[in-house]
Peer 1: 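Please find one structure pasted underneath; my questions will follow.
Note on naming: letters A, B, ... go to the chains in the order of the sequence lines (proteins, then strands), and numbering restarts at 1 for each one.
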Amino acid sequence: MNHRCQTDFPCDRVWIVIPAYNEVRSIGRVLTELRDVGVQNVVVVDDGSSDATAETAARYDVWVLRHIVNRGQGAALQTGIEFAVKHHAGIIVTFDADGQHCVGDLPGLVEPIEQGRCEVVLGSRFRGASPGIPWTRKLLLKAAVVGTRLTTGLSVTDTHNGLRAMTQAAAAKIVLFEDGMAHASELLSKLSSSKLPWCEVPVTIRYSDDSLAKGQRNRAAFQIAFRMLIAKVVG
Amino acid sequence: VTPFQWIFGGLLLAALIVEVILQLTRLTRRRISLFRALVWGVALALVLSPEMLQYVASRLRIGRGADFLLYSLALSFPVGCFYLLHAIEKQRQQITQLVRVLAERDPVHRPSGSVDDEGTAE
């Protein structure tokens with residue numbers, strides 16, 4: 001995936017990890033956008049899709065890993081992260097396959113790591129922009145922010161934002177065991193306990209009818225809370 | 001001996017005999033089999049001689065044997081739930097690990113530009 005690499009972007013050191021489940025409609029566009037900014041290393045983890053997501057992704061110059069059965073976004077992310085770490089990735093960026101994330105945010109996302117200011121960079125839609133976000137989603141996310149601040153002590157402004165960057169060392173320290181959507185809460189919890197330096201940068205999340213139809217339901221918030229409770233109880 | 005003792009005592013005795021046979025033929029894991037045999041044996045003893053439970057309950061100042069049974073269940077239920085939850089979680093993580101290993105074993109990568117610059121893959 002070596003095209004027009006921007007001079008201020010470490011195209012060779014950055015590995016983009018994309019978990020994908022039945023994203024045949026959007027994965028091609030996302031990979032084209034990434035290719036156009038010159039990203040060289042992309043791992044698409046097809047999480048047991050029943051459509052042609054893996055086949056579509058495999059037509060691009062990217063690594064495609066395939067889960068034989070659906071295990072959830074957290075499991076797919078961890079698979080991709082482990083793969084990137086094994087390939088000596090310098091910086092690992094997690095990116096959604098549904099086209100919600102903007103490739104234009106990537107330079108700003110990796111910049112704090114490049115400057116040595118932090119090891120984990122979290123994208124924040126509430127520092128940036130989130131056109132089209134439903135008010136119920138916004139309310140739930142704000143509630144999740146309060147919950148995260150109370151449980152982890154991290155003064156985040158956004159939780160469950162899939163656009164993040166981390167160094168290889170941070171990725172090796174923060175191992176995700178949550179298979180489903182609760183991985184985002186788990187990541188913040190482990191980030192808090194690891195004492196790794198972190199920061200937030202503004203990003204844009206684009207909501208469309210497609211992404212809203214496919215994305216997390218609001219009731220998922222309760223499932224995530226339940227999963228986090230189970231994880232605390234059984235370790 | 002009451003009809004209840006005949007029926008349930010007979011069932012529990014049959015379960016105990018099956019457990020012993022499984023144990024002798026080594027068709028089951030020893031520790032689990034011993035635990036099951038212990039459960040059947042205690043249940044059989046209590047069915048045939050209910051006053052034993054009453055005796056234990058009165059020694060523990062609980063009062064009735066039925067209350068002792070209730071307290072025992074109240075204690076063992078959360079322990080059982082915790083054990084099951086832990087086992088399910090462990091199995092879930094093992095399945096994910098297996099899926100991950102299989103995925104990493106067979107990565108697909110076509111380095112040469114398979115899609116032209118206009119992104120015609122779609």
Peer 1: For chain B, which of L65(A), I68(A), V69(A), D46(A) has the most heavy-atom pairs under 4.5 Å?
Peer 2: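 Option with the greatest count: L65(A).
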Peer 1: Checking heavy atoms, do the side chain of R92(B), its backbone, both or neither come under 4.5 Å from chain A?
Peer 2: both
Peer 1: At a 4.5 Å cut-off on heavy atoms, which part of R71(A) comes close to chain B: side chain, backbone, both, or neither?
Peer 2: side chain
Peer 1: Do any side-chain atoms of residues 9-24 of chain B form donor-acceptor pairs under 3.5 angstrom with protein atoms, and if so which ones, sequence neighbours left out?
Peer 2:
| from | atom 1 | to | atom 2 | distance (Å) |
| --- | --- | --- | --- | --- |
| E19(B) | OE1 | R36(B) | NE | 3.0 |
| E19(B) | OE1 | W40(B) | NE1 | 3.4 |
| E19(B) | OE2 | S33(B) | OG | 3.2 |
| E19(B) | OE2 | R36(B) | NE | 3.2 |
| E19(B) | OE2 | R36(B) | NH2 | 3.0 |
| Q23(B) | NE2 | S33(B) | OG | 3.1 |

Peer 1: Using distance alone, with no hydrogens and no angle criterion, decide if E82(A) and Q78(A) have a side-chain donor and acceptor under 3.5 Å apart.
Peer 2: yes
Peer 1: With only heavy atoms counted, which part of E33(A) is less than 4.5 Å from chain B, the side chain, the backbone, both or neither?
Peer 2: neither
Peer 1: Keeping to residues at least two apart or across chains, list the ring-ring contact (aromatic ring centres under 6.0 Å, His included) pairs with something in residues 67-88 of chain A.
Peer 2: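 Of all non-adjacent pairs touching residues 67-88 of chain A, those that pass ring-ring contact (aromatic ring centres under 6.0 Å, His included) are W15(A)-H87(A), W63(A)-F83(A), W63(A)-H87(A), F83(A)-H87(A).
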Peer 1: So that I can tick it off, tell me whether K173(A) and E119(A) are bridged by a salt bridge, with the cut-off set at under 4.0 angstrom between side-chain N and carboxylate O.
Peer 2: no
